[in-house]
Student: 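Have a look at this one.
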Amino acid sequence: MRHSLLVRLIASSVLIAVCSIVATAWLAARSTSGEIRHQQGQTLARDARVNDALLGYAASHPRWDGVEETVRGLARQRGQRVALATEGGALIADSATGRPPLPARASAVVDPLAVDVSLVPGTATDRIDARAVGPFLLPGPERARLREEVDAQAACLRHEGWRATVAVGPGGRPYLRREGGPATPAPDTERPGPPVSVPYAASQPGSPSCSPNTPGPTTTEKRALNQLAALVRKCHGSRVEVWLDETGKPTAPASAAECLATARRAQLKPYVAPAALLYIGSPEDRTPAIDPYDLAGATAAILVLAVGVSVLVATRLARPVRAVTAAARRMRAGDGSARVMVRAKGEVGELGAAFNEMSEHLDRMEQQRKAMVSDVSHELRTPLSNIRGWLEATQDGVAELDPALTASLVEEAMVLQHIIDDLQQLALADAGKLRLHPEPVDVADLLEQIATVYRAAAAGLVLTVEVTGRPYLDADPVRLRQAVGNLLTNALRHTPPGGRVSLRAYADGDDALIEVADTGPGIAPEHLPYVFDRFWRAEKSRSRQTGGSGLGLAIVRQLAEAHGGSAAVRSEPARGATFVLRLPRRTKIRD
């Protein structure tokens, strides 16, 4: 298939199309990849800001009531639609007017108890938003008291030359931030109760003289801690101490971390808004800018590639066609040996092979035509010369037209008539106008009749008939007797005295075979392909002592082919020859 002209043309077209697609895709990817990355980065950052703002609202409100204004403010800042819906699909808030359908896919899930770490990096391992404090939210008086204590500690540190600031945790608990000196050692996480800052050792260089301690839990925090500890024990199955770090965040031993997270979610659930789906409208479409120079270069490259492939394919296809055209012109000019050297395969190779076969056939036919003209003139010249010579001798009074001379002239005329009849019969066969009158023929009877006619001519020879079975044919008996008679005449002519000529017939599958075998000198192997050619004789001098006109075997082949059969010969030198007629049998044998 790879040599097929159709496949090659399709492959060329596909190659051009693929190159065009690849070039277009490369150009589009190159011009838009940077823009897409930029848009994705901006989109992710804006989505994270919107999600963080709504997480803060959900962490500080038990319900979503009143979030509409926050949603509208975020939508104005972003320039896009922002909507919230419950996990069941009920709309909570929407910045778009008219309540159009929500996008097919939510941008994020807003849940302060299960924060999306892809949008809020750095989230604690329990994925609980730090702003969700619930019952740990300190009232105003407790905040004021803790603030006084922490401010005093900060003032002491600053007096010692430390940079100390006061920060406030999500629940309102103030705590110190120290800079410029050693950090406060981390509390022992396995020690129960609220951690207390370990005082700096007096021998530690650079340590402040006023070592601050973290204020203990307030009444509100103790109540919340007791509730949380009960939930942790219920999950863990044993007593687990829970305390607060300096920012006011509940802490427990590492072995109870999972139970602590579960307990915190259960404790905070009444204080935070339920999980909601966040929908953010798609960014405005932006058409990537395409560099006109890149577009022109890619277009030129595609054009050059397409032209190059087309020229290459057309050149390879046209070369053998031009060779065939040149050979045809040489043939028209009379060069019968014109051939083409086509190395291609597929349809083009088949075209070159067909042209060479046609050229060889025409050359062979021309040679045969010339040989036939020469042979006909040679065959006719001898009897005509004899007739003319004797007639001129009689006219000049040199010879008398006696009965013997008359018989000789009649014989020469019969030779001429026989040659002309044979040529006419061959011409009819070549034209497909040889008329046959088929009828059921018993091959055994036919061979016996032929043998009876030729027994007189077979004097001094042994002529036998051997028929196996009773093969029948649908054939023209007259034409069939002529074909077998020609073979038998040829065999009798070439069999020396005392020799043997056999007529044999037998069935071979759906065919009947008629063989004429002799014990003559045989035929040389190099002559076997030509024995059925017209006017061919092994004796180049064309003496009639060794053969007739050279048309008998050609007529045999034409008659066999006219009956739908074939003629063949097998022979070995000095061991005789066997001519075989293969003819189709009747499908039903009649006795």
Side-chain angles (χ1 to χ4, degrees), residues 360-361 363-379 382 415 418-419 421-430 434 447 450 454 457-458 461 463 479-496 499-505 508 511-583:
E360 292 174 2
H361 178 71
D363 188 30
R364 185 168 59 252
M365 294 297 294
E366 179 64 17
Q367 297 297 330
Q368 291 178 355
R369 183 188 67 80
K370 293 179 181 179
M372 187 180 69
V373 171
S374 175
D375 292 340
V376 169
S377 63
H378 178 82
E379 294 295 334
T382 300
V415 172
H418 181 69
I419 294 174
D421 290 342
D422 287 347
L423 289 173
Q424 183 181 13
Q425 190 170 8
L426 289 173
L428 291 174
D430 290 339
L434 184 63
L447 295 186
I450 296 174
Y454 282 88
L461 302 175
L463 179 60
R479 297 294 187 185
L480 191 56
R481 279 195 293 270
Q482 179 184 1
V484 178
N486 286 355
L487 294 178
L488 187 55
T489 300
N490 189 67
L492 294 175
R493 181 183 298 117
H494 292 87
T495 303
R500 183 184 184 89
V501 177
S502 301
L503 291 177
R504 297 191 292 264
D508 183 17
D511 297 332
L513 272 63
I514 300 176
E515 296 182 350
V516 179
D518 62 63
T519 58
I523 304 172
E526 65 271 14
H527 295 159
L528 288 177
Y530 308 104
V531 294
F532 290 103
D533 290 349
R534 300 172 188 181
F535 295 106
W536 183 88
R537 287 185 300 184
E539 179 60 41
K540 300 304 179 181
S541 64
R542 298 190 179 273
S543 171
R544 291 191 177 277
Q545 297 177 356
T546 58
S549 63
L551 295 175
L553 294 180
I555 293 175
V556 170
R557 182 173 63 180
Q558 292 288 357
L559 292 177
E561 292 176 352
H563 282 84
S566 61
V569 61
R570 59 178 183 268
S571 176
E572 294 181 12
R575 304 188 69 176
T578 301
F579 288 84
V580 183
L581 294 179
R582 179 179 290 272
L583 303 172

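Just so you know, these numbers come straight off a predicted model, no measurement behind them.
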Student: Apply side-chain contact (heavy atoms from CB on, under 4.5 Å) to the pair I514 and V580, showing each step before the final yes or no.
Tutor: CA-CA 6 Å; I514 300 176; V580 183; over 6 Å; no
Student: Can you tell me how far apart CG (L503) and CD (E515) are? Round to the nearest 0.5 Å.
Tutor: 10.5 Å
Student: Write down the atom of P529, the atom of P525, and the distance for their closest heavy-atom approach.
Tutor: CD-O, 3.6 Å
Student: First locate atom CG of L581, then atom CG of L513, and finally report the distance between them rounded to the nearest 0.5 Å.
Tutor: 8.5 Å
Student: Considering non-hydrogen atoms only, spot the tightest contact between G565 and L583 and give its length.
Tutor: CA-CD2, 4.2 Å
Student: Counting N and O atoms only, with roles assigned by atom type, does the side chain of S571 sit under 3.5 Å from a partner on the main chain of G522, one being a donor and the other an acceptor?
Tutor: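 Side chain of S571 to backbone of G522, a donor-acceptor pair under 3.5 Å: no, none is there.
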Student: Looking at CG of D533 and CZ of R557, how far apart are the two atoms once the value is rounded to the nearest 0.5 Å?
Tutor: 6.0 Å
Student: Which heavy atom of A524 sits nearest a heavy atom of P573, and at what distance?
Tutor: CA-CG, 4.2 Å
Student: For R504 versus A517, what's the shortest heavy-atom pair and its separation?
Tutor: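 Shortest heavy-atom separation between R504 and A517 comes out as NH2-CB, 3.7 Å.
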Student: When you look at L553 and L487, which way does the side-chain contact (heavy atoms from CB on, under 4.5 Å) test go after all the steps?
Tutor: CA-CA 7 Å; L553 294 180; L487 294 178; 3.6 Å; yes
Student: In Å, rounded to the nearest 0.5 Å, how long is the span from CG of N486 to CZ of F579?
Tutor: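 Reported to 0.5 Å precision, the distance equals 11.0 Å.
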Student: Rounded to the nearest 0.5 Å, how far apart are CG of D518 and CG of N490?
Tutor: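 CG of N490 is found 7.5 Å from CG of D518.
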Student: Atom CD1 in I450, atom CG in L480: separation rounded to 0.5 Å?
Tutor: 6.5 Å
Student: So, for V556 and A567, which heavy atoms are closest and what is the spacing to 0.1 Å?
Tutor: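 That closest heavy-atom pairing would be CG1-CB, 4.4 Å.
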Student: Taking all heavy atoms of I523 and all of H527, pick out the closest pair and write down the distance.
Tutor: CG2-CB, 3.8 Å
